[in-house]
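Worksheet for the structure shown next.
As the structure lists them, so they are numbered: ligands from 1, and atoms in each ligand from 1. All values derive from a computational prediction rather than experimental measurement.
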Amino acid sequence: MALWMYEIEGARPLSGRVRISGSKNASLPLLAAALLADTPTTLYNIPVLRDTMQMKRLIEHLGAKVTFSQGVMTIDPSGFKVDNVPYDIMCEMRASFYAMGPMLARLGKARVSQPGGCAIGDRPVDIHLRGFKVLGVRMTRSAGYIHARHKGLVGTRLSLMGPKGTSVGATINVLMAAVLASGTTVIDDAAREPEVIEMISFLKAMGARIEGSGTNTLTVEGVESLRGVEYRVSPDRIEAGTWAVAALVTHGDVVLENVDPVACESTLELLERWGAELSDAGPNAIRVRRGKGTKKPLSIVTEPFPGFPTDVQSVFTTLLALTPGESDLRETIYPERFKHVPELNRMGARIKLEGSRITIKGVAALEGAAVMASDLRAGAALVIAALAAHGTSQVRRIYHVERGYEDLVNKLRGIGAVIRRVEEADVDPGLMVSSNDMYDAQVEELIAPHREVGT
Ligand code: EPU
């Protein structure tokens, strides 16, 4: 069984230019939303990632014809007739749940495996289901599946408030159903993340009628049908934050190209407060350097947009682990999202975890070690730590990282990192830690044709 890892020789300043890829979390729902149209859609700037390739597989399973080359994905939805998402697909990627909105809107029914928890904690879908129910969907559960059907989606007023605030996924899923419902749907407590705004722009280009983009209340006038469009996915705000931190912890000088500064605002603001020098490097480009003076510890709370995003919390943990003084970080979106902490501590960090909060005592340096990624962003934090650390690190279970960072090895090499993607020679199938490990080999088949030679 082939499993891959990164071998990284750290403590080298990164320097040069790196281009931010298309956003993963925008691409995934847009690919699903292409199923809402009667005619083909072409999406540009789709990143080659395990998750986007998995979404391609899912929409093919649902009957669409999909082509993909050089970041351009064309989806012909005319064969979209399949109304189920089996467990095998759902358990590999939770974003598969985005199929439910289009299935209900176009097919009138859906049979979807109920997603479970994941490495970052419990991830329920109750808000999605509540939204669908209010639109007129009847649902039952059996044997781990949700069976849903309706006799016509009917617009109404609904709230997407949940125990931890609103939900990005539920806002997008319910929107996808509401655009083809009859009458007016008013969605209160909608999420305002850039990915939601992007979905609204995309749906409007397809012919949907939606007002209130960027606010917590969305008003949707249902339409009879939608048409396919050509659309360019915006840059990944989390990738931008990740490479910015990589530049800073390695004492580097890196220009990030293709950045959306509005989507990254809270991240960039915190980096400046920490002491980073961020300067304009041309249209949509930002130069990132440490700047002069002592770096300041931070006190951070993750919040819904426009607050500090949970998805860069882990890489900030690495940054603060190397910042003099005591920092603290509280996670309000996924209270258990700290799997990177024990691994960082093995590299010499001094981080104490208490409930959903960590206290970080800055150290002067980290030491290379063999560490294991348990999820995408935890993996990113470890890669960044390895780039800063003295000596060689091995970051294992990198399929998690490759869910969300396109062409990571080439990008890092392009700015001077010494990183190799190598096979873990001695993996005993008896030691596999999850079904994901088995899946790694299949994913490799999906991504390999798109990867440049030599990585
Ligand atoms: N929640 C519920 N019930 C629901 C849905 C969500 O209680 O029905 C809770 C969640 O458990 C969480 C909070 O509400 O505590 C927010 O979850 P949300 O639904 O907003 O998250 P999501 O849509 O499942 C997306 C991204 C995540 C990102 C979050 C928050 C995708 C595919 N995923 O997840 O990205 O962390 O929004 O911004 O877009 C990542 O990229 O690493 C990642 C996990």
Side-chain angles (χ1 to χ4, degrees), residues 21-33 47 49-52 54-55 58 90 92-101 112 114-134 139 146 158-176 189-199 216 233-234 236-242 263 266-267 302-315 330-337 339-340 356 373-381 400-406:
S21 297
S23 157
K24 166 181 87 80
N25 289 347
S27 298
L28 296 173
L30 293 179
L31 292 171
L49 298 169
R50 175 182 150 171
D51 277 14
T52 49
Q54 177 75 19
M55 186 57 95
L58 167 60
M90 185 61 73
E92 300 304 352
M93 187 180 67
R94 294 178 47 86
S96 308
F97 206 68
Y98 278 136
M100 193 154 176
V112 181
Q114 189 173 353
C118 69
I120 63 175
D122 187 23
R123 296 184 68 185
V125 286
D126 55 312
I127 309 176
H128 303 235
L129 301 182
R130 204 176 66 214
F132 292 140
K133 196 168 166 197
V134 182
M139 279 172 277
I146 298 160
L158 59 96
S159 158
L160 295 179
M161 186 47 73
K164 298 197 192 86
T166 183
S167 155
V168 176
T171 303
I172 290 175
N173 228 346
V174 170
L175 256 180
M176 290 192 286
D189 307 308
R192 297 189 288 155
E193 266 63 9
E195 296 74 25
V196 174
I197 295 175
E198 184 141 17
M199 173 58 72
N216 292 122
V233 177
S234 62
D236 195 305
R237 61 192 174 110
I238 309 305
E239 190 196 0
T242 304
S266 59
T267 303
T302 62
E303 284 171 337
F305 190 84
F308 178 76
T310 170
D311 295 339
V312 283
Q313 175 261 105
S314 64
V315 294
R330 191 157 61 84
E331 175 59 82
T332 68
I333 312 288
Y334 299 112
E336 298 166 42
R337 196 177 205 181
K339 297 280 194 300
H340 47 292
S356 58
S374 54
D375 63 81
L376 164 58
R377 306 302 172 188
H400 290 298
V401 182
E402 294 179 352
R403 295 185 83 125
Y405 292 91
E406 185 182 45

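Residue Ile333 approaches ligand 1 through these ligand atoms, each under 4.0 Å from one of its heavy atoms: 12 (C), 15 (O), 16 (C). Interface of Gly169 with ligand 1, defined as ligand atoms under 4.0 Å from a residue heavy atom, comprises 19 (O), 23 (O). Listed by number with element, the atoms of ligand 1 under 4.0 angstrom from any heavy atom of Pro124 are 2 (C), 3 (N), 4 (C), 5 (C), 6 (C), 7 (O), 8 (O), 11 (O). In the vicinity of Arg337, heavy-atom distances shorter than 4.0 Å reach the ligand 1 atoms 36 (O), 40 (C), 42 (O), 43 (C), 44 (C).
Not a single heavy atom of Glu195 sits less than 4.0 Å from an atom of ligand 1. Put simply, no part of Met55 is less than 4.0 Å from ligand 1, judged by heavy atoms. The closest approach between Ala170 and ligand 1 stays at or above 4.0 Å for every heavy atom of the residue.
Residue Ser23 is tested with Asp236, Leu28, Ile238 for a side-chain contact (heavy atoms from CB on, under 4.5 Å); the sole match is Asp236.
The residues Asp51 and Arg403 are annotated as salt-bridged, a charged nitrogen and a carboxylate oxygen being separated by less than 4.0 angstrom. Under a 4.0 Å N-O distance rule, the pair Asp311/Arg337 qualifies as a salt bridge. In summary, Glu195 and Arg237 engage in a salt bridge, as defined by a charged side-chain N under 4.0 Å from a carboxylate O.
In summary, the side chains of Glu331 and Ser356 do not present any donor paired with an acceptor at a separation below 3.5 Å, with no hydrogens or angles considered. Side-chain contact annotation: Glu303 with Thr332, donor-acceptor N/O pair under 3.5 Å absent.
Proximity of Arg130 to ligand 1, defined as any heavy-atom pair under 4.0 Å, is not found for any part of the residue. In Lys24, the part holding a heavy atom less than 4.0 Å from any atom of ligand 1 is the side chain. Looking at Tyr334 against ligand 1, only its side chain comes within 4.0 Å, counting heavy atoms. When heavy-atom distances to ligand 1 are checked against a 4.0 Å cut-off, Asp311 comes that close only through its side chain, counted from C-beta outward. Contact annotation: for Leu376 versus ligand 1, heavy atoms closer than 4.0 Å belong to the side chain alone.
Nearest non-hydrogen protein atom to atom 38 (O) of ligand 1 is Val168 CG2, 4.1 Å.
Put simply, OG on Ser96 and CG on Leu58 are 5.0 Å apart, with the number rounded to the nearest 0.5 Å.
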